[in-house]
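Please read the structure below before turning to the comments.
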Amino acid sequence: MVLYSTLNPTRFGVYSCAFGSLFMEEKYPFNQIEPKWQKFWTDHKVFKVDTAVHEKKYYCLTMFPYPSGTMHVGHGRNYIIGDAVTRYKMVRGFRVLSPMGWDAFGLPAENAAKQRGVHPKEWTYSNIKQMKRQLESWGIGYDWDREIATCHPDYYKWTQWVFLKLHERGLAYRKNAPVNWCEYCTTLANEEVLADGTCERCGRKVVKKDLTQWFFKITEYAGQLLDDLSLLEKWPEKVRTMQGNWIGRSVGARIDFTIAETGDPCPVFTTRPDTIYGVTFMALAPEHPLVAKLLKNNPRAAAIQAFVEKEKMGSAADRTDNTTKKEGVFTGFHIRNPYNGDLAPLWITNYVLMEYGTGAVMAVPAHDQRDFEFAKTYDLPIKVVIQNPAAALNAATLTEAYVEDGVMVNSAPFDGRGNREALHDMIQHAQDHGFGEFTTHYRIRDWLISRQRYWGAPIPIVHCPDCGVVPVPEKELPVLLPDDVDFKTERGNPLSYHEEFIQTACPKCGKPARRETDTLAQWLCSCWYYLRYVNPRLNTQAYKKEDVDYWLPVDQYIGGIEHAVLHLLYSRFILKVLHDADTCSFREPFNALFTQGMICKRSEKDGQLYKMSKSKGNVVSPDELIREYGADTVRLYTLFIGPPEKDAEWNDAAVEGSFRFLRRIWRRVYETRDTLLASKGLKPDLAKMETPDRDLYRKLHESIAKITHDLEGAFQFNTAIAQIMELMNAVEALKLDATSSDQRKAVMLETMESLIVLISPFAPHVAEELWQELGHPPSILAAPWPEVNRNALARDEIEIVIQLCGKIRSRETIPTSLSPKEIEAHVLALDSVKNIIEGLTVRKVVVVPGKLVNIVAT
RNA sequence: GCCCGGGUGGCGAAAUGGCAGACGCAAGGGACUUAAAAUCCCUUAUCCGCAAGGGUGUGUGGGUUCGAGUCCCACCCCGGGCACCA
């Protein structure tokens with residue numbers, strides 16, 4: 001027994017010839033073969049790709065992780081699936097780009113710094129080291145020469161460049177936005193504010209504060225992002241639906257109402273201009289800019305102000321909860337309906353949102369449920385303008401709004417028309433008369449990308465007293481994040497106290513100016529990383545157009561469903577901008593998307609099933625399992641656990657089953673190796689095989705067909721592995737030794753060699769070792785994927801089912817050579833079948849060749 | 001409320017409209033062993049039956065079909081997303 005540590009790694013090339021059976025012992029020595037092959041893959045740069053070479057490419061990308069510390073087996077599923085795809089495609093002869101990196105900016109690093117005094121950089125890089133070790137111990141194959149970390153200046157230089165591209169194109173702008181503000185922790189997300197209005201982390205009081213912040217105009221691309229979803233045929237329907245909902249297109253019209261008393265315009269957005277003759281009041285959001293004007297010299301000012309203040313103080317959650325009671329206050333003013341000149345009262349209400357549409361709603365209580373509820377509360381008039389053709393509506397007796405289609409009434413020139421049919425003409429009418437137009441509105445808002453945080457890429461902007469907001473020129477990038485900041489004593493964003501960082505010269509006029517101290521949202525770093533992997537060390541550009549045009553879109557993107565909307569939508573947006581800036585020629589970053597389910601485990605505390613997480617205390621560490629069973633077992637079990645797109649429950653006991661299976665393969669090769677090696681050169685010959693060998697040979701080729709199918713279509717690793725298990729069961733049913741027939745030996749050799757290749761994407765270490773044991777030079781990644789021999793699939797006889805009126809009555813073995821007519825005659829002539837139909841009249845016989853015969857008899 | 005998924009043995013699950021429960025886990029029985037571990041063999045949806053065999057079974061109720069876990073209609077439950085979106 002020679003230990004791995006005594007081997008000279010440079011001799012791996014000739015290893016198979018010189019020391020073929022080095023580890024070949026009865027016990028499955030996973031703890032020796034796994035490090036050996038991991039080292040082999042690393043030393044020989046097996047996963048290295050030269051992206052300058054353009055030939056039969058496949059870009060397989062697994063979402064890169066946030067380096068939070070150590071990973072559990074739930075994280076592993078993502079990488080194991082990606083690696084199975086990568087290795088499968090490599091064996092199929094593709095040049096596969098499979099890179100990995102780190103989404104390394106973000107809040108946890110900064111919190112660690114504040115709490116424990118570790119610098120975010122140190123914390124992040126030490127986590128990266130840990131997690132990289134874990135990925136390697138799983139045997140995941142990456143081209144590590146392409147490793148990137150978004151917190152590295154060589155990377156974020158180009159994140160800043162992406163920002164400049166958007167700025168150049170007018171897509172980055174500043175505006176005021178209210179934020180939750182904690183003086184110590186700076187801006188907080190809604191979920192970081194506790195119910196009592198204090199900060200989740202430090203317990204201090206949180207206040208609303210108006211801050212000028214940077215936004216990206218994703219709304220400008222809303223239509224394209226929505227329309228192009230239809231191009232993403234290889235994305236899960238679910239994700240496309242979610243993105244569609246998120247973007248939320250509403251097609252309708254802008255109609256310009258005016259305030260009768262002041263003449264002020266008051267435009268509204270509506271999807272139902274067909275109900276415009278039914279407007280009986282107008283509803284404004286409390287934040288509507290007209291409100292201030294309406295207060296002047298208004299005898300109702302006090303009541304109005306009280307209502308508006310009350311609503312502004314209320315939480316966003318209360319405001320947008322549709323069970324909240326609808327309330328409002330009359331302004332004393334009226335609006336004029338441009339279609340008929342009618343006047344209607346102007347109210348301020350709590351159910352209209354300033355963020356959507358124009359912040360003003362034309363209220364039609366007869367045909368909108370919310371307006372109806374409000375009208376009932378305040379006893380406002382209700383006017384039916386769409387008649388229900390089935391049962392006439394009466395405004396006085398309505399109990400809810402009628403929102404269905406119908407015939408227009410009380411609508412002057414449009415009376416008698418179907419409301420849907422008249423819609424276009426009604427908007428056209430407004431457009432012709434200059435008081436409205438066709439408009440489309442989107443639910444999606446612009447993307448807030450500035451963060452009042454240290455651990456992010458500085459926004460490359462300088463504020464000059466003379467020139468205003470000036471972008472840092474590309475040649476001066478990166479704007480480096482200083483290391484020497486104090487996390488202990490400073491409040492808020494440490495960068496905003498760092499005078500050396502802040503003080504600079506204006507790039508335009510050269511006079512003293514101040515740097516922007518906000519940093520870019522972590523999201524932006526991960527919006528373009530898939531491009532950088534193609535040219536990760538290029539220091540003159542973010543990427544080469546020629547290379548990304550060849551390698552992208554990503555052929556297969558693999559990640560968690562939790563990124564269905566934000567990461568994937570933002571990435572699509574950024575890519576579209578980079579396309580429009582002529583830096584690449586494709587419009588979508590990810591051709592196919594696969595979202596794997598989460599791994600859950602029952603909590604020992606309450607017995608409930610939860611997603612694995614440290615806080616729930618239900619994590620399973622891969623490190624221990626790898627020590628006990630090996631990485632191949634963990635990989636095989638993870639893939640076998642169930643359909644990869646569905647959530648799965650981790651079962652410690654079931655891991656053992658995968659281990660036993662690998663050990664069975666190992667033992668079989670151990671026991672038959674000499675015979676197999678001596679059988680080289682023997683070829684299976686269908687004409688000469690005895691039945692058991694013939695059956696195994698068929699099983700082998702059925703398995704090749706099934707497994708190939710399972711890997712080519714959806715990622716059905718679980719059924720592919722089940723098929724390998726079936727094949728192995730069939731192998732073990734047949735003895736093999738030196739005295740076996742030549743055909744037995746030939747079939748066994750082909751079967752074992754194929755089986756090892758078939759399992760190699762899932763359990764690569766043991767596959768490499770056994771492949772070598774059977775006399776092949778490494779690596780198995782260079783082996784050909786087995787091909788289906790159609791002749792091997794043929795059968796002379798087959799068992800079919802005999803049904804009487806759809807109920808199974810017997811099973812019969814019949815020759816496969818019979819035509820459907822012959823099958824019918826053959827079956828009806830059988831004694832067993834005669835018994836079944838005795839005394840009955842056969843009405844019909846359904847023959848499904850190879851499956852069944854159904855006799856309909858009464 | 002609306003929009004997506006999903007509901008099959010003790011458990012994870014499998015099944016182009018054609019033999020429901022492949023494959024694995026767990027459990028029970030047996031072989032080997034002084035013993036244990038490991039390994040191997042058998043049983044394992046459910047009901048009736050000594051057995052041969054038969055009945056019932058894929059959330060519920062209907063329907064289409066020679067034939068439905070699979071297709072259609074209605075409903076119940078679970079998971080996810082969105083939600084006063086004008």
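Residue numbers start from 1 in every chain, and the chains themselves are labelled A, B, ... in the order their sequence lines are given, proteins ahead of strands.
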Nearest-nucleotide pick for [X], side chain only, options being [options]:
{"X": "A:Val848", "options": "B:C82, B:G18, B:G55", "answer": "B:G18"}
{"X": "A:Trp246", "options": "B:C82, B:A86, B:A20", "answer": "B:C82"}
{"X": "A:Arg663", "options": "B:C82, B:A38, B:C23", "answer": "B:A38"}
{"X": "A:Arg664", "options": "B:A13, B:G24, B:C82", "answer": "B:G24"}
{"X": "A:Thr241", "options": "B:A22, B:C3, B:A86", "answer": "B:C3"}
{"X": "A:Ala653", "options": "B:C23, B:A26, B:C84", "answer": "B:A26"}

Side-chain heavy atoms of A:Val846 within contact of A:Lys844, under 4.5 Å: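 Yes, close enough: below the 4.5 Å cut-off.
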
Minimum-distance pair of heavy atoms, taken over all atoms of A:Val403 and A:His367: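 Looking at all heavy atoms of both residues, the shortest contact is CG1-O, 3.5 Å.
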
In whole Å, I'd like the distance from the [atom1] atom of [X] to the [atom2] atom of [N].
{"X": "A:Ile247", "N": "B:C85", "atom1": "CD1", "atom2": "P", "value": "19 Å"}
{"X": "A:Gln716", "N": "B:A22", "atom1": "CD", "atom2": "C1'", "value": "14 Å"}
{"X": "A:Arg272", "N": "B:C85", "atom1": "CZ", "atom2": "P", "value": "13 Å"}
{"X": "A:Lys601", "N": "B:C25", "atom1": "NZ", "atom2": "P", "value": "18 Å"}
{"X": "A:Ile759", "N": "B:C23", "atom1": "CD1", "atom2": "P", "value": "16 Å"}
{"X": "A:Tyr351", "N": "B:A86", "atom1": "OH", "atom2": "C1'", "value": "9 Å"}
{"X": "A:Leu727", "N": "B:G24", "atom1": "CG", "atom2": "P", "value": "12 Å"}

Atom C1', compared across B:G54 and B:G62: separation rounded to whole Å: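 About 28 Å, rounded to a whole number of Å.
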
C1'-based separation of B:G81 from B:C71 [nearest Å]: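 That atom pair is separated by 27 Å.
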
Give a yes/no on whether any side-chain N or O of [X] is located under 4.0 angstrom from OP1 or OP2 of [N].
{"X": "A:Lys807", "N": "B:U56", "value": "yes"}
{"X": "A:Asn718", "N": "B:A14", "value": "yes"}
{"X": "A:Arg660", "N": "B:C25", "value": "yes"}

Per-nucleotide protein contact string for nucleotides 65-74 of chain B (B base, S sugar-phosphate only, - none; heavy atom under 4.0 Å): -BS-------

Pair [X] and [Y], ring centroids less than 6.0 Å apart:
{"X": "A:Tyr339", "Y": "A:Phe435", "answer": "yes"}
{"X": "A:Tyr378", "Y": "A:Trp347", "answer": "yes"}
{"X": "A:Phe30", "Y": "A:Tyr629", "answer": "no"}
{"X": "A:Phe762", "Y": "A:Phe640", "answer": "no"}
{"X": "A:Trp650", "Y": "A:Tyr637", "answer": "yes"}

Sugar-phosphate, base or nothing in reach of A:Arg809, heavy atoms under 4.0 Å: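 Contact class for A:Arg809: sugar-phosphate only.
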
Sugar-phosphate only, base, or nothing, as touched by A:Asp368 at under 4.0 Å among non-hydrogen atoms: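 Nothing, no nucleic acid heavy atom in range.
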
Residue mapping more 5' on RNA chain B - nearest nucleotide basis, A:Glu799 or A:Phe661: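 On the 5' side of the pair lies A:Glu799.
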
Residue met sooner reading RNA chain B from 5', once A:Thr719 and A:Met242 are mapped to nucleotides: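 Counting from the 5' end, the first nearest nucleotide belongs to A:Thr719.
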
Return the polar atom pairs (N/O with N/O) between nucleotides 8-12 of chain B and the protein under 3.5 Å, or none.
{"residue": "B:G12", "atom": "O2'", "partner": "A:Ile641", "partner atom": "O", "Å": "2.6"}

Residue pair A:Tyr351 / A:Asp371, side-chain donor-acceptor N/O under 3.5 Å: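 The criterion, which ignores hydrogens and geometry beyond distance, is satisfied for A:Asp371 and A:Tyr351.
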
Donor on one side chain, acceptor on other, A:Arg240 and A:Asn245, under 3.5 Å: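 Checked: A:Arg240/A:Asn245 side chains show no N/O donor-acceptor pair below 3.5 Å.
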
Derivation of the side-chain contact (heavy atoms from CB on, under 4.5 Å) call for A:Tyr221 and A:Leu569: CA-CA 11 Å; A:Tyr221 281 74; A:Leu569 188 63; over 6 Å; no

